[in-house]
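Have a look at the structure below, then the notes.
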Amino acid sequence: MAKEIIRVENLKRDFVVGEEIVHALRGLDFTINEGEFVTIMGTSGSGKSTLLNILGCLDTPTQGEYYLDGNSVRLMGKNDRATLRNRKIGFIFQSYNLLPKTTAIENVELPLMYNSSVSAKERHERAIKSLNEVGLGDRLNHKSNQMSGGQQQRVAIARALVNEPVIILADEATGNLDTRTSFEILTLLQRMHQQEHRTIIFVTHNPEIAQFSSRNIVIRDGRIKEDTYNSDIKSAKSVLETLPKEN
Ligand SMILES: Nc1ncnc2c1ncn2[C@@H]1O[C@H](COP(=O)(O)OP(=O)(O)OP(=O)(O)O)[C@@H](O)[C@H]1O
Ligand SMILES: [Mg+2]
C-alpha cells in the first residue's frame, strides 16, 4: 500500500499588495503518495511557486490545511516547521542558491549543520557520498563560482539529498540549463525516483517534462485544471543518449 505523504485541503494563499488582494491559490485539494514523481505545470503567475513554497514549509497558507507526513503544518510553530522542513524536504531552485565562493562540500554540508546529532566527521562523509551520487566526486573542493551551471545544480541536488529527505521539491530546476544538461538533471531525478523511491515534485514551464514523471498536475489561475497519471514513463536517460555531447 502506498503511503500518503502530502495532503492539502482547500488550500488558499492570498497576497496583499497595496490596496489589492492577489488570490494566488484559490482552493486546492490533492494528496500525493510516497514515491510519486509529480510535475506541476501552468503558465507564469498561475501559482506554482506559491504552492511549492507552502509544500516546502517556506510559507503558510491563508486558509486550508496542509498535512506533511500526517503532521498539520498549520498547527506548528515556526521552529517545529523549520525542523520538519529540514528533516523531510530537499529543495532545488532554478538559480541553484549555493553559497558563493564556497566549496561543493561545504555547500552540501550546510543542511546537516542544523542537526546536532550529526558529528563534523559524519557531516563531511555524508557530503562526499552525496556529491559522488550526483557524479561530482572529482569536484569536491571546487567553489561554486568555479563550476558550470549544470555542475552547480548537481551540487544543489546533492545538498537537497544529504538529509535523506522523503520529498524533493524542485522549482524550475532545469530552467537555466541547456537541453543536454537538463536531461542529465532529469536522469538523475528519475534515478532517485525509480531506484530510491523518493517523492519528487517538479515545477516546470516545459510541457515535455510531464512524460518523464508519473503524474502531472496543471494549475491555472490558482486552481487545479488537470491531474493525470502517466503509466508510460519515458526514460530521460535514453533521450540523453541521443543528444550530441556538444551543442
Ligand atoms: N510575495 C508575493 N507578494 C505578492 N504577490 C505575490 C507574491 N508571490 C506571488 N505573488 C503573486 O501570486 C501569483 C502567483 O505567483 P507564483 O510565483 O506562484 O507564479 P508561478 O506559477 O510560479 O509563475 P512563474 O512560472 O512565472 O514562476 C502571481 O500573480 C504573483 O504576482
Ligand atoms: Mg514560479
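Each ligand, and each atom within it, is numbered from 1 in the order the structure gives.
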Closest protein heavy atom to [atom], given as residue, atom name and distance to 0.1 Å:
atom                    : value
atom 14 (C) of ligand 1 : G45 O, 3.4 Å
atom 1 (N) of ligand 1  : F15 CE2, 3.7 Å
atom 25 (O) of ligand 1 : K48 NZ, 2.7 Å
atom 26 (O) of ligand 1 : S44 OG, 2.6 Å

Between [X] and [Y], does at least one N-O distance fall below 4.0 Å, as a salt bridge requires?
X    : Y    : result
R215 : E226 : no
E241 : K237 : yes
D59  : R13  : yes

When you measure from the side chain of [X] to the backbone of [Y], do you find a donor-acceptor pair of N or O atoms at a distance under 3.5 Å?
X    : Y    : value
E65  : S72  : no
Q194 : R191 : no
K225 : G42  : no
N230 : S213 : yes
T102 : P100 : yes

Test of understanding: with salt bridge (Lys or Arg N to Asp or Glu O under 4.0 Å), list the residues that count as partners of R7, not counting sequence neighbours.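 Result, salt bridge (Lys or Arg N to Asp or Glu O under 4.0 Å) vs R7: E4, E9.
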
Can you name the atoms of ligand 1, numbered from 1 with element, that are less than 4.0 Å from a heavy atom of H205?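 So the atoms of ligand 1 that pass are 25 (O).
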
V22: numbered ligand 1 atoms lying under 4.0 Å from its heavy atoms: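 The atoms of ligand 1 under 4.0 Å from a heavy atom of V22 are 11 (C), 12 (O), 29 (O).
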
Among G18, G47, S49, A24, whose heavy atom sits nearest atom 22 (O) of ligand 1?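 That would be S49.
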
So is there a nitrogen or oxygen of E172 less than 3.5 Å from a nitrogen or oxygen in ligand 1?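 No.
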
Candidates V38, T199, V166, L55 - the one meeting side-chain contact (heavy atoms from CB on, under 4.5 Å) with I6: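 Between I6 and the candidates, side-chain contact (heavy atoms from CB on, under 4.5 Å) is satisfied uniquely by L55.
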
Mind checking whether T50 contacts ligand 1 via backbone (N, CA, C, O), side chain (CB onward), both or neither, at a 4.0 Å heavy-atom cut-off?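 The part of T50 near ligand 1 is both the backbone and the side chain.
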
Which word best sums up how the rings of F37 and F202 line up, parallel for under 30°, tilted for 30 to 60°, or perpendicular for over 60°?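 Taking F202 first and then F37, their aromatic rings sit tilted (interplane angle of 30° to 60°).
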
With a 3.5 Å cut-off and no angle check, do the side chains of N206 and T204 form a donor-acceptor pair?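 Side chains of N206 and T204: no pair found under 3.5 Å.
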
I'd like to check atom 30 (C) of ligand 1 in this structure: does the protein have a heavy atom lying under 4.0 Å from it?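 Not a single protein heavy atom is under 4.0 Å away.
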
Is any heavy atom of the protein nearer than 4.0 Å to atom 8 (N) of ligand 1?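 Yes; the ligand atom in question has protein heavy-atom contact below 4.0 Å.
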
T43 near ligand 1 by a heavy-atom separation under 4.0 Å: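 True for this residue.
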
Measure the distances from the heavy atoms of G42 to every atom of ligand 1 and state whether one is below 4.0 angstrom.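 It does not; every heavy atom stays at 4.0 Å or beyond.
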
How about the Mg ion (ligand 2), which protein N, O or S atoms come within less than 2.8 Å?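 Near the Mg ion (ligand 2), the protein supplies S49 OG.
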
